[in-house]
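By convention in this document, chain letters (A, B, ...) are assigned in the order of the sequence lines, proteins followed by strands, and residues within each chain are numbered from 1.
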Amino acid sequence: MLEDAETMTILELSETVEWGEGVDREPIALTDYIGTLRTDFLGDFSPEKLTITIGGRFMGQRGSFANLQDANGRIQLFMKKGTIGKDEEEIELTDKMMKLLHIGDFIGVTGEMFMTQTGEATIRVKELKFLSKSLRNLPIVKVDKAGNKHDEFTDPELRYRQRYVDLTVNPHVKETFLKRIKLMNVIRNYFNDQGWLEVETPILQPIHGGAAARPFATHHNSLDMPLYMRIANELYLKRLIVGGFDGVYEFGKMFRNEGMDRTHNPEFTAMEIYVAYKDYIWMMEMVETLLEKIALEVTGGTSVGYDGKEINFAGPYVRMTMYESIEKYTGIDVSKMDEAGLREVCEKFHIEIDSSMGKGKLVDEIFGEKVEDNLIQPTYITDYPIEMTPLAKKHRTSQGLVERFELFINGKEIANAYSELNDPIDQRERFEDQLKLAERGDDEAMVLDEDFLRALEYGMPPTSGLGIGIDRLTMMMTNQHSIQEVLFFPQMKPEAQTQIEEAID
RNA sequence: GAUCGGCUAGCUCAGCUGGUAGAGCACUUGACUUUUAAUCAAGGGGUCCCGGGUUCGAACCCCGGGCCGGUUACCA
């Protein structure tokens with residue numbers, strides 16, 4: 001539906017369609033794309049020989065000059081009235097078309113490259129084809145000589161709701177998403193080179209296992225049973241290791257029914273990988289290699305500017321056990337403390353706690369409050385208390401700990417990894433401990449998955465697993481501070497209630 | 001959830017102490033046609049987020065609601 005304000009444009013459209021009927025409707029055969037055209041042209045300039053055909057959006061004009069934009073860039077057109085076409089009739093038609101042309105329309109042009117007096121690579125248009133009409137006004141961003149932007153399309157609400165407009169008029173936005181895609185491809189290529197396999201596991205799960213979070217619940221009609229959108233895919237990937245794959249990974253959307261803010265969206269992308277016959281020490285080395293590679297290929301260097309700081313992704317990264325890190329930043333050794341001692345420490349630092357919290361949770365609270373923000377450069381925090389990590393293997397030497405690390409960068413958790421727990425008896429006990437926590441009031445304690453235990457009972461090789469938050473890693477690599485800037489379509493409340501009602505009817 | 005700020009033309013924004021709604025870009029018409037924030041002239045375009053209230057009179061003040069953003073809390 002279009003507003004009254006658009007009436008004029010619709011009249012214009014009908015006129016366009018009318019003359020358009022006389023125009024060749026065959027698909028236009030593009031010979032080039034704007035993105036590479038300018039550099040190709042500048043590299044090997046052979047004037048009057050290079051006849052090309054390109055397509056794109058018409059993005060405004062100045063006198064006889066105009067801009068054309070395609071997926072990868074813009075180029076200037078020279079379109080002089082009364083000169084485009086083979087004969088009188090065609091010239092007249094093209095003049096009419098140029099009059100109807102406005103910002104946002106898709107056109108195809110054929111012409112020759114030349115250099116203007118002011119040194120701008122330009123196409124002298126010999127033939128103009130109208131391809132598609134834009135009925136709405138694009139917000140045009142103008143950039144002056146000094147590089148200042150005028151009338152920039154900046155309203156975050158409009159930008160997120162109408163990402164197609166954002167992408168069209170804000171090149172830096174497109175750049176961010178291209179980097180996100182590149183980042184994922186770097187990971188894929190590296191993993192594939194190692195022989196690890198990209199797999200897919202269920203998004204609709206009868207038991208929402210593998211993490212501690214509130215799920216989205218739904219209902220399957222013909223089975224008449226509840227299903228949950230996955231909060232994690234960990235237990236399914238481990239089943240595949242049981243099934244005999246040596247290395248499996250998945251890029252997947254996870255869904256958590258919790259608050260939204262600058263770093264949380266209800267659906268987000270996690271990359272999880274499991275490699276058999278490895279442990280978490282090996283995994284730290286793998287992650288260092290991977291992140292260095294990502295930084296290099298996505299940003300062009302291993303040192304990345306973020307938040308006014310320089311983050312150095314070249315390995316090896318600092319390694320500290322969780323207890324060491326707490327001692328470093330509080331001066332207190334909590335490693336031998338019982339629950340009562342930990343509660344005292346929390347009180348001393350005015351950390352809010354409640355009765356449902358066990359030992360592991362209390363340690364985590366102290367860590368979150370006193371340590372996390374200090375971990376600016378990539379840092380591995382290792383060897384977590386067993387209570388907070390029900391899916392990780394017990395530490396080979398330290399009692400009460402598990403073989404786990406989290407990678408912190410700029411005070412944020414970026415990756416989480418274990419030597420995976422593959423002892424089915426231990427795993428059952430750890431699930432049962434979770435049940436006790438749940439009874440105590442912890443509504444995020446992990447749910448017992450009987451089939452997963454059965455899988456472990458058949459035998460799982462020693463395995464190391466890793467999860468990386470792709471959205472947050474992308475934020476890091478693109479210097480963005482809101483998750484919405486790295487998601488094409490971040491979750492938003494509906495624009496107007498009426499739209500929802502219409503949709504339901 | 002708390003708190004602060006924003007919402008005015010398609011976009012970016014002005015709008016004083018409450019007194020007929022403004023600019024630039026975009027759009028339309030014309031001029032110009034080697035421009036690059038093109039230029040010049042004229043024109044059209046508004047549910048001032050929504051609903052109530054106060055007032056002779058509300059974009060502006062008051063009450064309620066909505067959406068967006070910042071901060072903060074919660075949440076692996």
Considering only the C1' atoms, how many Å lie between A21(B) and G30(B), rounded to the nearest integer? 28 Å
Could you work out which one of U35(B), A37(B), G30(B) sits closest to the side chain of H150(A)? A37(B)
My understanding is that a pair needs two contacts under 3.5 Å, Watson-Crick or G-U wobble. By that rule, which nucleotide pairs with U54(B)? none
Given the P atoms of U34(B) and U28(B), what is the spacing between them in whole Å? 22 Å
When you measure from the side chain of E258(A), which nucleotide among C75(B), G24(B), U35(B) comes out closest? C75(B)
Can you measure I103(A) atom CD1 to A37(B) atom C1' for me and round it to whole angstrom units? 12 Å
If you only use heavy atoms from C-beta on, which nucleotide in A37(B), U34(B), G30(B) is closest to the side chain of F114(A)? U34(B)
For E413(A) and C75(B), what is the distance between atoms CD and P respectively, to the nearest whole Å? 15 Å
Quick one: look up who U35(B) pairs with, Watson-Crick or G-U, both distances under 3.5 Å, and put none if it's unpaired. none
Do other residues, nucleotides or ligands put more than 12 heavy atoms under 6.0 Å from K309(A) NZ? yes
NZ or CZ of R163(A) within 45° of F488(A) ring axis and under 6.0 Å: no
Does the side chain of E250(A) pick up a donor-acceptor pair with the side chain of T201(A) at under 3.5 Å? yes
Tell me the interatomic distance from E120(A), atom CD, to A38(B), atom P, rounded to whole angstroms. 12 Å
Counting side-chain heavy atoms from CB outward, which of U12(B), U35(B), A37(B) is closest to T154(A)? U12(B)
List every contact pair, protein side and nucleotides 68-71 of chain B side both N or O, where the distance is under 3.5 Å.
{"unit_1": "C68(B)", "atom_1": "OP1", "unit_2": "K493(A)", "atom_2": "N", "d": "2.9"}
{"unit_1": "C68(B)", "atom_1": "O4'", "unit_2": "E157(A)", "atom_2": "OE1", "d": "2.8"}
{"unit_1": "G69(B)", "atom_1": "OP1", "unit_2": "Q484(A)", "atom_2": "OE1", "d": "2.7"}
{"unit_1": "G69(B)", "atom_1": "OP1", "unit_2": "Q484(A)", "atom_2": "NE2", "d": "3.3"}
{"unit_1": "U71(B)", "atom_1": "OP2", "unit_2": "R262(A)", "atom_2": "NH1", "d": "3.0"}

Given U34(B), G30(B), C74(B), which nucleotide is nearest the side-chain atoms of R124(A)? U34(B)
Could you work out the separation of C27(B) and U3(B) based on their C1' atoms and round it to a whole Å? 42 Å
Does a side-chain N or O of K81(A) approach OP1 or OP2 of A31(B) to a distance below 4.0 Å, or not? no
Given C75(B), C27(B), A37(B), which nucleotide is nearest the side-chain atoms of H264(A)? C75(B)
For S64(A), side-chain hydrogen bond (donor to acceptor under 3.5 Å, both in side chains) partners two or more places apart: none
What interatomic distance, in whole Å, is found between C1' of G24(B) and the corresponding atom of A58(B)? 27 Å
Determine the interatomic distance between C1' on A59(B) and the same-named atom on U17(B); round to the nearest Å. 15 Å
Sequence neighbours excluded, which residues qualify as side-chain contact (heavy atoms from CB on, under 4.5 Å) partners of Q484(A)? Y160(A), S482(A), P490(A), M492(A)
Watson-Crick or G-U wobble mate for G45(B), both contacts under 3.5 Å: none
Between L158(A) and S64(A), who's closer to the 5' end of RNA chain B by nearest nucleotide? L158(A)
For nucleotides A2(B) and C56(B), find the distance between their P atoms and express it as a whole number of Å. 36 Å
Nearest whole Å is fine: how far is C25(B) C1' from M59(A) CE? 13 Å
Return the value, rounded to whole Å, for the distance between atom CD of Q61(A) and atom P of U39(B). 13 Å
Do any side-chain nitrogens or oxygens of K142(A) fall under 4.0 Å of OP1 or OP2 in A38(B)? yes
Please evaluate the base of U35(B) for a donor-acceptor partner in the side chain of T122(A) within a cut-off of under 3.5 Å? no
Just the rounded figure in Å: distance from P of G1(B) to CE of M260(A). 13 Å
When both hydrogen-bonding distances must be under 3.5 Å and the geometry is Watson-Crick or G-U wobble, what is G5(B) paired with, if anything? C68(B)
Determine, for R430(A) against D433(A), whether the closest basic-nitrogen to carboxylate-oxygen distance falls under 4.0 angstrom. no
Give a yes/no answer on whether the side chain of R62(A) brings an N or O atom under 4.0 Å of OP1 or OP2 in U35(B). no
Could you check whether K361(A) pairs with D364(A) (Lys NZ or Arg NE/NH1/NH2 to Asp/Glu carboxylate O, under 4.0 Å)? no
Describe, in one word, how the ring planes of F78(A) and F65(A) are oriented to each other, choosing from parallel (under 30°), tilted (30 to 60°) and perpendicular (over 60°). tilted
Using whole Å, what does the distance between atom P of nucleotide G1(B) and atom CG of D261(A) come to? 14 Å
Atom pair distance, as rounded to whole Å: CG in N257(A) and C1' in C74(B): 14 Å
Whether the side chain of Q76(A) and the base of U35(B) hold a donor-acceptor pair under 3.5 Å is what I'd like checked. yes
Basic-acidic side-chain contact under 4.0 Å: K393(A), E403(A): no
Residue F153(A), side-chain atoms from C-beta onward, closest of C11(B), U34(B), C75(B): C11(B)
Which one, U12(B), C75(B), G10(B), comes nearest to the side chain of D151(A)? U12(B)
Using a heavy-atom cut-off of 4.0 Å across all strands, would you classify K361(A) as base, sugar-phosphate, or nothing? sugar-phosphate
Six-ring centre of F177(A), R180(A) cation under 6.0 angstrom, axis tolerance 45°: no
Give me the distance, rounded to whole Å, that separates G46(B) from U35(B) when you measure between the P atoms they each carry. 37 Å
Could you tell me whether R404(A) contacts a base, only the sugar-phosphate backbone, or nothing, with contacts defined as non-hydrogen atoms closer than 4.0 Å? base
How far, in whole Å, is A26(B) from U39(B) if one measures between their P atoms? 8 Å
